[in-house]
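I have placed the structure first, in the form of structure tokens, so that the comments after it can refer back to it.
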Amino acid sequence: MKVILLQTDIEWANPAQNVRQAELMMEQQAEGDLFILPEMFSTGFCTQPKGIAEPADCATLAWMKRKAQERQCAIAGSIAIEEDGRFFNRFHFVCPDGRVVCYNKHHLFTFGGEDKQFTPGRERVVVDYRGVRILLQVCYDLRFPVFARNRKDYDMIIYIASWPVPRIEAWKTLIRARAIENQCYVAAVNRTGNDPYCQYNGGTALIDPWGRTLAACPDGETGVAVADIDLQALEAFRQKFPVLDDADFFTLD
């Protein structure tokens, strides 16, 4: 499966412009199975979402559905959503047949006040797409490995983020750690540019189960990283070195 990671510079609170940018970047690419965009790719990471968040049936989601059908690919990314008087940082995984799988970010970024306005998700979500089982995660989730622990139920984690420059080394270290400890691929997509509060410099990369970088975007620039997921190689590695068989048993409340 060919995965294409889009490292974008997000214009603050301007969904139309950010969607146009994403579409132009997609059009410059050949066929791919899955395109991945950053966290809140249409608005930037907003902890004060009133007047910025989009409705659940927003034009941004309609665009994702239309492009997925046109290109016969999946498109993934999160949108700040207002629904029934509540706000969600909602990860949308849009399939070419119109199916949409959603994950509401579980670990809200309390340090930045995200928890004051947004409602946390409660469910851990795995989507099966073209034979690849994919765990959906958003930004701050990366710091909580128990929530993402592989229960032999996924082959790849997607982390989408607005992860700022001062903590970028933690991002680069943890995406590699999640791949190694869970014997899986990690597709990690971060943004570049600035918003009213932070500066971002990317660090977008696709990491294999051995912790090696298969593809990456240059730091500080908009760009695209492309790589293939090899499920046969993954399964052979898991059989040869069955780390997951020795994992600790636990339950989450």
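Just so it is clear, the structure is predicted and the values come from calculations on it, not from any experiment.
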I need the Gln137 CD to His107 NE2 distance, nearest 0.5 Å. 8.0 Å

Glu11 side chain to Gln17 backbone, donor-acceptor under 3.5 Å: no

Within a reach of under 6.0 Å around CD of Glu123, are more than 12 heavy atoms found that belong to other residues, nucleotides or ligands? no

Which donor-acceptor pairs under 3.5 Å do the side chains of residues 35-52 make with protein atoms, sequence neighbours left out?
residue: Glu39; atom: OE1; partner: Ser162; partner atom: N; Å: 2.9
residue: Glu39; atom: OE2; partner: Asn89; partner atom: ND2; Å: 2.7
residue: Glu39; atom: OE2; partner: Lys105; partner atom: NZ; Å: 3.1
residue: Ser42; atom: OG; partner: Glu54; partner atom: OE2; Å: 2.6

Between Arg130 (side chain only) and Met1 (backbone N and O only), is there a donor and an acceptor less than 3.5 Å apart? no

Basic-acidic side-chain contact under 4.0 Å: Arg238, Asp155: yes

When clusters are formed by joining ILVMFWY residues with side-chain heavy atoms under 4.5 Å apart, either directly or through shared neighbours, do Leu61 and Val127 land in the same one? no

Sole residue of Ile75, Ile134, Leu5, Ile4 in side-chain contact (heavy atoms from CB on, under 4.5 Å) with Leu34: Ile134

When you compare the side chain of Leu206 with that of Ile229, does any pair of heavy atoms fall below 4.5 Å? yes

When you measure from the side chain of Arg176 to the backbone N and O of Ile207, does any donor-acceptor pair fall under 3.5 Å? no

Taking Tyr159 for its side chain and Leu142 for its backbone only, find out whether a donor-acceptor pair lies under 3.5 Å. no

Val100 and Met64, any side-chain heavy atoms less than 4.5 Å apart: no

Exam field: side chain Tyr103 to backbone Ser78, donor-acceptor pair closer than 3.5 Å: no

Do any N or O atoms from the side chain of Tyr154 and from the backbone of Ala148 form a donor-acceptor pair under 3.5 angstrom? yes

Given the rule in the salt bridge (Lys or Arg N to Asp or Glu O under 4.0 Å) test, do Glu31 and Lys2 qualify, once you have shown the distances and angles that lead to the verdict? CA-CA 8 Å; Glu31 292 183 0; Lys2 180 175 288 186; over 6 Å; no

Mutual orientation of the aromatic rings belonging to Tyr140 and Phe144 [parallel < 30°, tilted 30-60°, perpendicular > 60°]: perpendicular

Donor-acceptor contact below 3.5 Å, side chain Gln21 vs main chain Asp9: yes

Listed by chain and number, what are the salt bridge (Lys or Arg N to Asp or Glu O under 4.0 Å) partners of Asp245, not counting sequence neighbours? Lys152

Check whether Asn150 reaches the backbone of Asp153 with its side chain - one donor and one acceptor, N or O, closer than 3.5 Å. yes

Side-chain donor-acceptor contact under 3.5 Å, Asp33 with Tyr129: no

Look at the side chain of Gln72 and the backbone N and O of Gln69, then say whether any donor-acceptor pair between them is shorter than 3.5 Å. yes

For the residue pair Trp171 and Trp163, categorise the inter-ring angle as parallel (less than 30°), tilted (30 to 60°) or perpendicular (more than 60°). tilted

With Arg212 via side chain to side chain contact (heavy atoms under 4.5 Å, CB included) - residues at least two apart: Asp208, Trp210

Same cluster for Leu174 and Ile157 if Ile/Leu/Val/Met/Phe/Trp/Tyr side chains link at under 4.5 Å? yes

